[in-house]
Amino acid sequence: MPEIPFSVRAAARLHTDVLLRHPNVVAVGAGIRRKGGKSTGEPAVVVYVSRKLPRAQLLPGELIPRRLFADEEEVGTDVIQAGEPHFVAVDTKQYRPVRGGCQIANAYGGAGTAGAVMYDRRDQRLVLLTNNHVLTNTGDPTFLPGDTRIFQPAGGGLIGASKRVVPMFRAPLGATDHNWFAAVDAGIVSLNSNIPAEFNVVEINGQHPFVALPPYEGLDVVRRGYRTQLRNGTVEAVDMTVIVTDSNKARYKVGGADCVFSIRSREREISAMPGDSGSLVVDSGGGAARGLVFASDSQSGGLTWACELGTVMTMLELDTPCTGALNALIRRAVYRRLADPWALAESVLVAGGSNALVARQAEIVDTLRHGHLGRDVEGSAGQAVDAALHRIAPALATAITTDEDAAGLLERAFGEWLVQPSVFDMLEYRFEEQSLFAMTAAFERLERLGADPHDLEVLSGIFRRAGERSMRELMAV
């Protein structure tokens, strides 16, 4: 798979604003030159145009340069006809539990697709991931509207409320190619407590959204929007900046480094349509999630644009289900054991809406996981625990999130350990007999919920010895 050199990415970033001012140019990024619809393997700055004209019909100042320069290096360009991108915004089936790939709608009639169920890092609560423009009113993408109710499907049951978005800002004075700008088009919905949710996406199997990785040119991907249903394609370019037009003809500039990528649809298969906004982009084999659809040219064999999932998660402060479920278990342990309501209330105020006590404990546990599980000690108990936990993580996350008995047993088994005041105390900790009883019951329930029996047997065998010796001694075995 040809790798896009840094010089090409640098050239795309350096010349994007100038190129977007050329006639018919709708997007610029770093990709691979194509000839006859097929990749040549040659890296180039790719310039997408809504209409490709012969050079003779363009004035000298309107021509796309054949070569560009960045850091004294020369880089070629490739002009590709793509059609004009439009926000994709309108399966109307009710899904309970709620999951990725289903239709959602706001209180003002706007509709789109729920991309994935994830965790809000600020409060360890479940949220639905989608686009900013699915949750906000047309022409006002900076703030959430007054009525934040969200329904699934449109005209159906109330499932929650818009929680926050990555805001889009008005273009600076003098800008002529756009009215608004943002790095990504993304937002989240808080789910009502009575609404069940699952981490899977309709019709797509695999490890998504448990694993989030960056896209790359040539990657085969699949997405599921409620309008066009299941669609396949291939990542064509990355580091894109796109000019998108909304229904009121306002123009939005979305993208930048590690923000937006393009997907080429299969021949004679239409790209995303209105209603597919918010669809999660996943490897064709389901190995990892890569992005979030927000625009397309709605053409046969055309282009769909998506925001990189890693950047979206960073800007919205989201966790994958695995990390989020662990932090939700920590939150449960903190609230049960550090139960001074005044201290908890004060910690929330200090953290500006998040819980400082939970955040601190999550940090301690994260340090233990990444620094003390003995991954480099071949044959150690720490290495075995780390490997087994990694394999059962999706089942564990699902159990903690959807099964109250499993979550309660796990908290009773591990809660005291998870609220130790430091990594040192976690390493010196010895499990009490009642915790070990709860652990056995928790592992039995996890097996009934689909966790691998062999991995559970490994974990059970190791932790049964945790009352006889400290975790430090146990992990080094």
Side-chain angles (χ1 to χ4, degrees), residues 1-20 22 25-49 52 64-82 85 183-184 211-223 232-244 253-266 271 281-285 287-297 301-314:
M1 193 64 61
E3 183 176 345
I4 300 175
F6 175 77
S7 59
V8 177
R9 289 176 174 245
R13 297 170 194 172
L14 180 64
H15 296 280
T16 285
D17 287 341
V18 173
L19 292 171
L20 285 172
H22 284 65
V25 173
V26 295
V28 179
I32 302 296
R33 184 187 299 280
R34 303 178 73 81
K35 189 172 183 179
K38 296 183 179 180
S39 173
T40 66
E42 178 188 353
V45 174
V46 292
V47 182
Y48 293 114
V49 295
K52 195 170 183 178
I64 303 298
R66 296 183 187 276
R67 316 293 293 179
L68 297 172
F69 291 87
D71 296 331
E72 300 183 354
E73 289 196 44
E74 190 179 54
V75 175
T77 61
D78 189 21
V79 180
I80 302 172
Q81 183 163 306
V184 295
V211 179
L213 294 174
Y216 57 85
E217 190 277 336
L219 175 68
D220 290 329
V221 294
V222 62
R223 59 166 180 81
N232 294 276
T234 302
V235 175
E236 189 166 284
V238 298
D239 288 357
M240 302 294 304
T241 300
V242 189
I243 298 292
V244 188
K253 184 161 79 171
V254 183
D258 301 319
C259 289
V260 171
F261 60 101
S262 62
I263 303 165
R264 175 68 65 179
S265 298
R266 290 177 175 176
S271 58
V281 179
V282 179
D283 295 0
S284 58
R290 306 285 178 159
L292 200 66
V293 167
F294 73 98
S296 83
D297 60 12
L303 286 169
T304 296
W305 282 271
C307 302
E308 290 202 22
L309 187 59
T311 303
V312 167
M313 292 178 64
T314 297

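Residue numbers count from 1 along this sequence.
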Quiz item: Do you know the tightest heavy-atom contact between Thr77 and Pro65?
Solution: OG1-O, 2.6 Å
Quiz prompt | Over all atoms of both residues, closest heavy-atom pair of Arg67 and Gly76 | solution = NH1-CA, 3.4 Å
Exercise. Answer yes or no: is there a side-chain heavy-atom contact under 4.5 Å between Arg13 and Asp239?
Key: yes
Quiz prompt | Beyond-backbone contact of Val244 with Trp305, side-chain heavy atoms, under 4.5 angstrom | solution = no
Quiz item: Okay, side chain of Glu42, backbone of Arg33: is any donor-acceptor separation there less than 3.5 Å?
Solution: no
Quiz item: So which of Ile263, Val222, Leu292, Val235 actually passes side chain to side chain contact (heavy atoms under 4.5 Å, CB included) with Val281?
Solution: Ile263
Quiz prompt | By side chain to side chain contact (heavy atoms under 4.5 Å, CB included) - contacts of Leu213 (at least two apart) | solution = Val211, Ala288, Arg290
Quiz prompt | Heavy-atom closest pair, residues Ile32 and Gly41 | solution = CG2-N, 3.4 Å
Practice problem: Check Ala27 against Met240 and note the closest heavy-atom contact, atom names and distance. | Solution: CB-CE, 3.7 Å
Quiz item: Heavy atoms, side chains only, cut-off 4.5 Å: are Lys253 and Thr241 in contact?
Solution: yes
Exercise. Would you give the length of the straight line joining atom OG1 of Thr234 to atom CD of Glu217, rounded to the nearest 0.5 angstrom?
Key: 9.0 Å
Exercise. Under the side chain to side chain donor-acceptor pair (under 3.5 Å) rule, collect the residues that match up with Ser262, sequence neighbours excluded.
Key: Tyr48
Practice problem: State, with a plain yes or no, whether a side-chain heavy atom of Leu14 is found less than 4.5 Å away from one of Leu68. | Solution: no
Self-check item: Residue from Asp258, Val260, Thr314 passing side chain to side chain contact (heavy atoms under 4.5 Å, CB included) with Glu308
Solution: Asp258
Quiz item: Mind checking whether Val25 and Ile64 have side chains closer than 4.5 Å, heavy atoms only?
Solution: yes
Quiz item: Got Asp220 and Asn232 here, is their nearest side-chain heavy-atom distance under 4.5 Å?
Solution: no
Practice problem: Considering non-hydrogen atoms only, spot the tightest contact between Pro215 and Phe261 and give its length. | Solution: CG-CD2, 3.4 Å
Practice problem: Looking only at non-hydrogen atoms, find the nearest pair between Val242 and Pro85 and report the distance. | Solution: CG1-CG, 3.8 Å
Quiz item: Charged N to carboxylate O under 4.0 angstrom, Arg34 versus Asp78?
Solution: no
Exercise. Decide if atom CZ of Phe69 counts as having more than 12 heavy atoms of other residues, nucleotides or ligands within a radius under 6.0 Å.
Key: yes
Quiz item: Does any non-hydrogen side-chain atom of His22 lie less than 4.5 Å from one of Val79?
Solution: no
Quiz item: So do Leu303 and Ser271 actually touch side chain to side chain, heavy atoms under 4.5 Å?
Solution: no
